[in-house]
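See below for the structure under consideration.
In each ligand, atom 1 is the first atom listed, and ligand 1 is the first ligand listed.
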Amino acid sequence: MSGSLLVDNIGELVTNGLGEGPLGIRRDAAVLVEEGRVAWVGAAAYAPAADRRVDAGGAAVLPGFVDSHAHLVFAGDRAAEFAARMAGEPYTGGGIRTTVGATRAASDDDLRATVRRLRGEALRQGTTTMEIKSGYGLTVADEARSLRIAAETSTETTFLGAHVVPAEYADRPDDYVGLVCGPMLAAAAPHAKWIDVFCERGAFDVDHARAILACGQAVGLGVRLHANQLGPGPGVQLGVELGAASVDHCTHLSDADVDALAGAHTTTVATLLPGAEFSTRSPYPDARRLLDAGVTVALATDCNPGSSYTSSMPFCIALAVREMRMTPAEAVRAATVGGARALRRDDVGVLTPGARADLVVLDAPSYLHLAYRPGVPLIRKVLLNGVPQ
Ligand SMILES: [Zn+2]
């Protein structure tokens with residue numbers, strides 16, 4: 001959109017740049033937007049003139065949330081499985097195959113409608129960048145079409161052909177790994193930026209995960225990993241060794257895992273997904289331990305129909321504060337610039353000159369209210385690429 005836009009009368013502006021405290025807060029501030037970018041940030045009293053004005057009414061303004069982990073391309077839901085779990089059945093990850101069956105049977109238009117519905121739902125809750133994974137197709141054609149549809153909505157697309165071994169390969173997992181590394185990767189790669197593997201007992205072991213991720217790296221995809229969700233394992237250290245942008249879940253960590261993530265040369269982010277622990281009634285990861293060790297932490301929704309059917313970053317922030325001993329400032333940082341780091345982006349998650357003008361105006365005087373008022377729709381307005389939504 002042409003012309004400049006001034007977001008004015010901001011009581012509390014979270015920049016994640018220069019300013020007060022870890023969130024780089026500025027008071028009584030304004031943000032000038034030009035051509036979809038932040039052109040100027042400063043005191044409202046000194047704000048330059050602009051073609052249009054958005055009055056924040058003294059409320060808080062934050063960078064839009066960066067949800068770096070979501071599975072939006074699927075069909076059907078698993079509400080009955082959720083109910084059974086809440087009645088005492090454990091979560092094993094086996095229900096993924098239920099969604100695979102429904103996804104294969106769905107039309108392109110059905111899958112597209114679900115992606116758009118969930119992306120819209122997230123946007124209304126302040127998410128301006130959202131990663132989208134494949135992983136419910138698990139055939140060459142179904143993974144390729146999942147990514148093609150995901151790429152219509154996001155540039156952050158992830159090939160997750162190694163989500164689970166599909167039923168037809170149950171007794172020959174090596175053959176499935178060969179399919180993933182061969183024709184499936186070739187069909188998926190043109191539509192994907194990242195490759196991911198569910199490295200977990202019952203899914204893919206460390207040797208298979210290493211082989212698949214190496215194939216992805218060889219064709220230029222960045223690495224991310226589902227690791228250490230259901231129990232301890234080698235996934236986190238594999239991710240650090242391969243220079244993954246992010247290892248996700250990190251629920252069961254050894255001291256060596258934490259040391260690897262905190263290493264001086266480590267650029268791998270630990271992405272925590274508390275919606276999954278909420279929805280599977282499982283113990284939460286220990287965010288405090290990671291933060292105290294100096295690890296970069298991101299928060300994401302893990303939005304998927306089985307283990308975390310929420311698209312709400314404010315909900316994840318509230319969970320992180322209440323259940324994972326993060327301060328509200330740490331949780332908001334993790335949900336914005338933390339997510340950006342997990343996607344190796346420096347143009348989102350911050351409100352500093354040159355960044356994308358992705359921002360949210362809260363219906364509250366402070367970011368603290370995101371955790372203090374859980375479950376309340378506090379997102380009053382969203383600007384995406386400088387455009388009011
Ligand atoms: Zn996931």
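- Pairs passing the side chain to side chain donor-acceptor pair (under 3.5 Å) check and including a residue from residues 188-199, sequence neighbours excluded, read K133-D196, E156-K193, E156-W194, D196-H226.
- Distances shorter than 2.8 Å separate the Zn ion (ligand 1) from the protein N/O/S atoms H69 NE2, H71 NE2, H226 NE2, D302 OD1.
- Between Q229 and F198, some side-chain heavy-atom pair lies under the 4.5 Å cut-off.
- Connection of I96 to V73 is established within a shared hydrophobic cluster, with ILVMFWY side chains joined at heavy-atom distances below 4.5 Å, either directly or through further cluster members.
- Legend: residues meeting side-chain contact (heavy atoms from CB on, under 4.5 Å) with F278, ordered by chain and number and at least two apart, are Y284, F315, L319.
- Judged as a side chain to side chain donor-acceptor pair (under 3.5 Å), the pairs with a partner in residues 10-23 (not counting sequence neighbours) are, in order, E12-R27, E12-S366, N16-T336, E20-R27.
- Between R85 and E81 a salt bridge is recorded (basic side-chain N to carboxylate O distance below 4.0 Å).
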